[in-house]
Amino acid sequence: MVLLGHSMGARAALRAADDPHVRGVVALAPWCPPGEPVTHLAHRTVIALHDAADTMTSATDTWAYLRRAEAAGARVRGVRMPGGRHTMISHSNLWHTLATHSTAEVLGLRPPPHISTPETVWSAGPLDAAMFSHGPR
């Protein structure tokens with residue numbers, strides 16, 4: 001099972017990831033305040049997408065959270081989104097595409113045919129969303 005959430009929903013998904021059925025979390029503009037627990041994420045995958053211009057939640061806190069989760073044994077990827085801020089309205093196609101791909105990737109499924117990913121790249125990052133190439137949508 002993969003948990004996907006936005007903002008506080010992403011924080012809840014990250015917290016609930018200690019369930020043994022959870023393989024990973026896809027967190028969209030998550031709220032990851034300093035001090036959030038990460039040890040329960042060992043052996044899980046955490047992918048976070050965040051726009052650095054988000055003023056509701058901190059992308060800097062997200063990258064720090066991912067670094068701590070990685071140190072705790074999680075496989076992590078942080079993706080710096082080129083826009084959308086907290087609402088993810090601007091560049092919504094990119095947000096949707098990467099959220100879909102990330103969810104499929106955590107489940108070990110093939111990505112949608114219109115996206116390719118540098119699958120060997122795992123990093124608390126953040127990696128630029130431009131690393132992900134897109135075909136027609």
Side-chain angles (χ1 to χ4, degrees):
M1 165 181 2
V2 176
L3 302 177
L4 183 144
H6 170 251
S7 191
M8 178 60 98
R11 183 181 185 191
L14 289 163
R15 284 282 188 107
D18 64 347
D19 183 285
H21 295 100
V22 174
R23 294 174 70 171
V25 175
V26 177
L28 309 176
W31 181 32
C32 298
E36 281 293 289
V38 295
T39 57
H40 65 286
L41 297 171
H43 310 294
R44 287 176 176 75
T45 299
V46 178
I47 300 174
L49 284 59
H50 214 137
D51 176 2
D54 185 340
T55 58
M56 295 293 288
T57 58
S58 168
T60 301
D61 287 349
T62 296
W63 313 142
Y65 180 88
L66 290 177
R67 284 190 296 276
R68 292 188 311 105
E70 185 174 47
R75 182 173 74 153
V76 304
R77 179 181 294 143
V79 180
R80 183 186 305 112
M81 298 302 288
R85 297 194 179 225
H86 194 67
T87 61
M88 306 177 303
I89 292 172
S90 174
H91 301 279
S92 62
N93 283 342
L94 180 58
W95 282 90
H96 292 158
T97 298
L98 291 182
T100 300
H101 175 270
S102 297
T103 301
E105 187 174 17
V106 172
L107 290 171
L109 303 173
R110 295 175 55 99
H114 60 281
I115 184 170
S116 64
T117 306
E119 293 187 24
T120 59
V121 179
W122 290 96
S123 171
L127 303 172
D128 286 319
M131 290 184 67
F132 304 85
S133 61
H134 309 280
R137 281 174 267 188

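Heavy-atom basis, side chains included; hydrogens, waters and symmetry copies ignored. Counting from 1, the numbers follow the sequence of the chain as shown.
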Could you tell me the separation between the [atom1] atom of [X] and the [atom2] atom of [Y], rounded to the nearest 0.5 Å?
X: Ser102; Y: Leu49; atom1: OG; atom2: CG; answer: 5.5 Å
X: Thr62; Y: Asp51; atom1: OG1; atom2: CG; answer: 11.0 Å
X: Thr103; Y: Met1; atom1: OG1; atom2: CE; answer: 13.0 Å

How close do [X] and [Y] get, heavy atom to heavy atom, and via which atoms?
X: Ala17; Y: Leu3; answer: N-CD1, 4.2 Å
X: Asp61; Y: Pro34; answer: OD2-CD, 3.8 Å
X: Trp63; Y: Val79; answer: CH2-O, 3.4 Å
X: His86; Y: Ala29; answer: CE1-O, 3.6 Å
X: Arg44; Y: Pro20; answer: NH2-CA, 3.9 Å
X: Ala72; Y: Ala42; answer: O-CB, 3.2 Å

Do other residues, nucleotides or ligands put more than 12 heavy atoms under 6.0 Å from the CE atom of Met56?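 No - once you tally the heavy atoms of other residues, nucleotides and ligands closer than 6.0 Å, there are 12 at most.
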Verdict with reasoning, His50 to Thr57, per side chain to side chain contact (heavy atoms under 4.5 Å, CB included): CA-CA 9 Å; His50 214 137; Thr57 58; 3.1 Å; yes
Looking at Val26, Thr100, Ile47, which one forms a side chain to side chain contact (heavy atoms under 4.5 Å, CB included) with Leu4?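 With Leu4 as partner, side chain to side chain contact (heavy atoms under 4.5 Å, CB included) holds for just one option, Val26.
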Stepwise side chain to side chain contact (heavy atoms under 4.5 Å, CB included) test for Arg85 and Thr55: CA-CA 7 Å; Arg85 297 194 179 225; Thr55 58; 4.3 Å; yes
Under the side chain to side chain contact (heavy atoms under 4.5 Å, CB included) rule, what do Met81 and His91 come out as? Steps first, then yes or no, please. CA-CA 9 Å; Met81 298 302 288; His91 301 279; 5.9 Å; no
Take Arg23 and Thr45 through the side chain to side chain contact (heavy atoms under 4.5 Å, CB included) test and state the conclusion after the steps. CA-CA 6 Å; Arg23 294 174 70 171; Thr45 299; over 6 Å; no
Show which residues join Met8 in its hydrophobic cluster (side-chain heavy-atom contacts under 4.5 Å, direct or indirect), or state none.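 So far as hydrophobic clustering goes, Met8 is joined with Trp31.
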Please tell me whether [X] and [Y] are part of a single hydrophobic cluster in this structure, the criterion being side-chain heavy atoms less than 4.5 Å apart.
X: Leu14; Y: Leu66; value: yes
X: Leu94; Y: Leu28; value: yes
X: Leu41; Y: Val22; value: yes

Got His96 and Met88 here, is their nearest side-chain heavy-atom distance under 4.5 Å? no
Could you tell me whether the side chain of Arg68 and the main chain of Glu36 form a donor-acceptor pair under 3.5 Å?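 Present.
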